[in-house]
Amino acid sequence: MKKKILMLFIPIIFISNLFSQVKTDVDLIKDNTFYFKIEEGNSFGEGFDILKKEICNSQFVILGEEHFSAKVSEFTNSIIPALSENGFKYFAAEIGSNSANIITELIKNNENLYDFNTRVNNLVGEIPIPFFDGEEDEVFLKSFLKNDFEIWGLDQEYLTSQVFLIDRLYQLSNKSAKLQSVYLIAKEFIISETKKGRNDKKYKVFTTLLNSEITNGFFEKLNKEDKETSKIISDLKKSWEIYSLREKNDLYGSIHERLKVMQDNFISNYNRALKTEKQPKVFMKIGGVHASKGRSHHNIYDIGNFLMELANFNDSKSVHILIFPSAYLNNDGTISENIEKEDEQIFNPVVDFESNKWTLIDLRSIEKSSWNYKIQSESLKDYMYRFDYIVLTPASKQTKLNYKK
């Protein structure tokens, strides 16, 4: 009889323990949330200690950002010392490779981007190089260069790049009187067409530039044996082709061609770095949609996944961090929360929108826990399969424009 009672008692205890171990999505978020602060450009706290350890152990650090946030730029600037201390020498940015060379030279020679940004914006009503048009962006760019980082441009050249790259092409030429005449005509045409494209979204400016006798005539008169000249022409044409695919409503083709450009540019820079280093360490800052492991929200294996696979091949590691503001500061001093409706249930319990604390959520640890506890939130699953960590910034302002309108 005692044996039967004991046999009955054991399953009851087991079932009781099973139910007592159930954790909700919010429980898992709370268990794996840590905080840190940034003061006078320095990061400190438990959350940042976790990130520093990841930086130390990784070959590639991929920061997937929400663009144009002053706090995201502040965070970028704050982690540069940790990157530098752990052997990182390369900053891969979401800009064209020739544009990366231009802004590097401008900072080294002119110490600012303000005049350059203002000049191009005044010509065509748009910035010359995206994601470096804020004062806070210039701060972290200067910090990278001060710490001897090399800037890699990964992307296609931007919508307005032809406006200043045509000047570069002329500077690289023999500047003959005959060529100067062709250059001035081509430059006037390029500025005019770019302005048309900015004023009329339906105008097929890049199809026009690709097929133009004026632009192609100028290119034909340049010395293609000069490597920089040849590269700028090739990169401009490839960028125009990618944009022209959008003009033809071929979004699929445009996205995949752009990805190929990113991969090619990365590998070109990486192979060059391999000549002096066994495993070059690279920090990449790019839009969140491109930074993820696995399939991105564009449903492609984007550049973030490419770096993860390269790290796997190298028997090294990549860490993928998604960063965006928890809220935005309005001009009147009020705060507008920046959490998607479907995310409020998982993020709001761990974010203090009024504080200056930075929030770090360890998605990698949550993913491990998901093997023991069923996760209900489809949104949380989506995050944890694509990223290792989320950083939620304190309420942020937009970056302050680094040019005169």
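Just so it is clear, the values below take in all heavy atoms, side chains as well, and ignore hydrogens, waters and symmetry mates. Keep in mind that this is a model prediction, so the values were computed, not measured.
When only modelled atom types and interatomic distance are considered, Asp27 and Thr24 share a side-chain donor-acceptor pair under 3.5 Å. For the residue pair Ser365 / Asn32, a side-chain donor-acceptor distance below 3.5 Å is found, with atom types taken as modelled. For the 3.5 Å distance criterion, the side chains of Glu46 and Tyr35 fail to qualify, holding no donor opposite an acceptor. A donor atom on one side chain and an acceptor atom on the other are not found under 3.5 Å apart for Gln156 and Trp240. Side chain to side chain, Tyr403 and Asn122 fail the donor-acceptor criterion of an N or O pair below 3.5 Å. Side-chain N/O atoms of Asn314 and Gln59 include a donor and acceptor closer than 3.5 Å. Side chains of His256 and Ser254: a donor-acceptor N/O pair is absent below 3.5 angstrom, by distance only. With hydrogens and angles left out, the side-chain atoms of Glu309 and Tyr301 include no donor and acceptor closer than 3.5 Å.
Contact between Ile346 and Ile29 at its shortest, heavy atoms only, is O-CG2, 3.4 Å. Across Asn348 and Phe353, no two heavy atoms sit closer than the pair OD1-CZ, 3.6 Å. Contact detail for Thr194 and Gln162: the closest heavy-atom pair is OG1-NE2, 3.0 Å. Annotation for Pro325 and Asn338: closest pair O-ND2, 2.9 Å, computed over non-hydrogen atoms. In plain terms, the two heavy atoms of Trp152 and Ala273 that are nearest each other are CZ2-CB, 4.2 Å. Nearest approach of Ser318 to Leu307, heavy atoms of both residues: CB-O, 4.3 Å.
In this structure, Phe266 and Tyr270 have parallel ring planes: the angle between them is below the 30° cut-off, well short of the 60° mark. Ring orientation note: the planes of Tyr183 and Tyr170 are close to parallel, at an angle under 30° on the 30°/60° scale.
Although no hydrogens or angles enter the test, the distance criterion places no donor-acceptor pair under 3.5 Å between the side chain of Asn86 and the main chain of Ile55. Without hydrogens or angle criteria, Glu247 side chain to Thr207 main chain gives a donor-acceptor distance under 3.5 Å. Counting only distance, with no hydrogens or angles, the side chain of Thr76 and the backbone of Val72 share a donor-acceptor pair below 3.5 Å. Under a 3.5 Å cut-off, the side chain of Ser69 and the backbone N or O of Glu66 do not form any donor-acceptor pair. Judged by distance alone, with hydrogens and angles left aside, the side-chain atoms of Asn147 form no donor-acceptor pair with the main-chain N or O of Ile80 at under 3.5 Å. A donor-acceptor pair is defined here as one N or O able to donate and one able to accept, closer than 3.5 Å; such a pair exists between the side chain of Asp352 and the backbone of Glu354. Checking side-chain atoms of Thr118 against main-chain N and O of Tyr114 turns up a donor-acceptor pair under 3.5 Å. Checking side-chain atoms of Lys142 against main-chain N and O of Lys108 turns up no donor-acceptor pair under 3.5 Å. Ser212 places no side-chain N or O within 3.5 Å of a backbone atom of Leu209 that could act as its donor or acceptor partner. Panel note: side chain Arg386, backbone Arg295; a donor-acceptor pair is recorded below 3.5 Å.
Under the 4.0 Å criterion applied to side-chain N and carboxylate O atoms, Glu367 and Arg364 are not assigned as salt-bridge partners. One finds no salt bridge joining Lys237 and Glu241 here, because no Lys/Arg side-chain nitrogen approaches an Asp/Glu carboxylate oxygen to under 4.0 Å. Using a cut-off of 4.0 Å between Lys/Arg side-chain N and Asp/Glu carboxylate O, Glu126 and Lys195 are scored as not salt-bridged. A salt bridge links Lys381 to Glu378: at least one charged side-chain nitrogen sits closer than 4.0 Å to a carboxylate oxygen. By the 4.0 Å N-to-carboxylate-O rule, Arg272 lies close enough to Glu150 to be salt-bridged with it. Salt bridge annotation for Arg119-Asp115: absent, with no cationic side-chain nitrogen under 4.0 angstrom from a carboxylate oxygen.
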Distance-only criterion, 3.5 Å: show the donor-acceptor pairs between side-chain atoms of residues 90-100 and protein atoms not counting sequence neighbours.
| residue | atom | partner | partner atom | Å |
| --- | --- | --- | --- | --- |
| Tyr90 | OH | Glu277 | OE2 | 2.5 |
| Glu94 | OE1 | Gly287 | N | 2.8 |
| Glu94 | OE2 | Arg258 | NH2 | 3.0 |
| Ser97 | OG | Lys231 | NZ | 2.5 |
| Ser97 | OG | Asp235 | OD2 | 3.3 |
| Asn98 | ND2 | Glu157 | OE2 | 3.0 |
| Asn98 | ND2 | Asp235 | OD2 | 2.9 |
| Ser99 | OG | Glu157 | OE1 | 2.6 |

Review point. Can Leu179 and Asn174 be said to form a side-chain contact (heavy atoms from CB on, under 4.5 Å), step by step?
Key: CA-CA 8 Å; Leu179 180 63; Asn174 59 16; 3.8 Å; yes

Exercise for review: Give the intermediate values and the outcome of side-chain contact (heavy atoms from CB on, under 4.5 Å) for residues Ser73 and Val139.
Suggested key: CA-CA 8 Å; Ser73 295; Val139 169; over 6 Å; no

Point to revise | Stepwise side-chain contact (heavy atoms from CB on, under 4.5 Å) check, Phe116 with Ile129 | key: CA-CA 10 Å; Phe116 172 65; Ile129 300 173; 3.9 Å; yes

Exercise for review: Take Ile323 and Tyr389 through the side-chain contact (heavy atoms from CB on, under 4.5 Å) test and state the conclusion after the steps.
Suggested key: CA-CA 8 Å; Ile323 184 169; Tyr389 296 92; over 6 Å; no

Review point. Going through the distances and angles, do Lys260 and Asp264 end up as a salt bridge (Lys or Arg N to Asp or Glu O under 4.0 Å)?
Key: CA-CA 6 Å; Lys260 187 177 186 307; Asp264 288 348; 2.8 Å; yes

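Contact of the Leu159 side chain with the Phe206 side chain is registered, since non-hydrogen atoms from C-beta on lie closer than 4.5 Å. When side chains are defined from C-beta on, Asp167 does not count as touching Leu165, because their heavy atoms never get closer than 4.5 Å. Side-chain contact between Asn223 and Thr229 is absent, with no heavy atoms from C-beta onward closer than 4.5 Å. Val61 has its side chain out of reach of Glu54: every pair of non-hydrogen atoms, C-beta onward, lies at least 4.5 Å apart. Counting heavy atoms from C-beta on, the side chains of Leu145 and Thr104 come closer than 4.5 Å. Side chains of Leu169 and Leu222 form a contact here, defined as non-hydrogen atoms less than 4.5 Å apart. In this structure the side chain of Val391 reaches within 4.5 angstrom of the side chain of Phe36, judged on heavy atoms. Between Leu392 and Ile390 there is a side-chain heavy-atom pair separated by less than 4.5 Å.
We find the CD1-CG distance between Ile38 and Asn356 to be 10.0 Å, quoted to the nearest 0.5 Å. One distance of note links CG of Leu106 with CZ of Phe164; it measures 9.0 Å at 0.5 Å rounding. Expressed to the nearest 0.5 Å, how far NZ of Lys285 lies from CZ of Phe144 amounts to 8.5 Å.
Heavy-atom contacts from other residues, nucleotides or ligands closer than 6.0 Å to CG of Asp200 number more than 12.
Each of Asn305, Asp388, Asp302 was compared with Lys293 under the side-chain hydrogen bond (donor to acceptor under 3.5 Å, both in side chains) criterion, and only Asp388 meets it.
With sequence neighbours excluded, the residues that form a salt bridge (Lys or Arg N to Asp or Glu O under 4.0 Å) with Glu228 are Arg168. Applying the ring pair (Phe, Tyr, Trp, His ring centres under 6.0 Å) criterion to Phe34, with sequence neighbours excluded, gives no partner residue.
If you look at Phe131 and Tyr158, their ring centroids are not closer than 6.0 Å. Ring centroids of Phe44 and Phe48 are separated by 6.0 Å or more, keeping the two rings apart.
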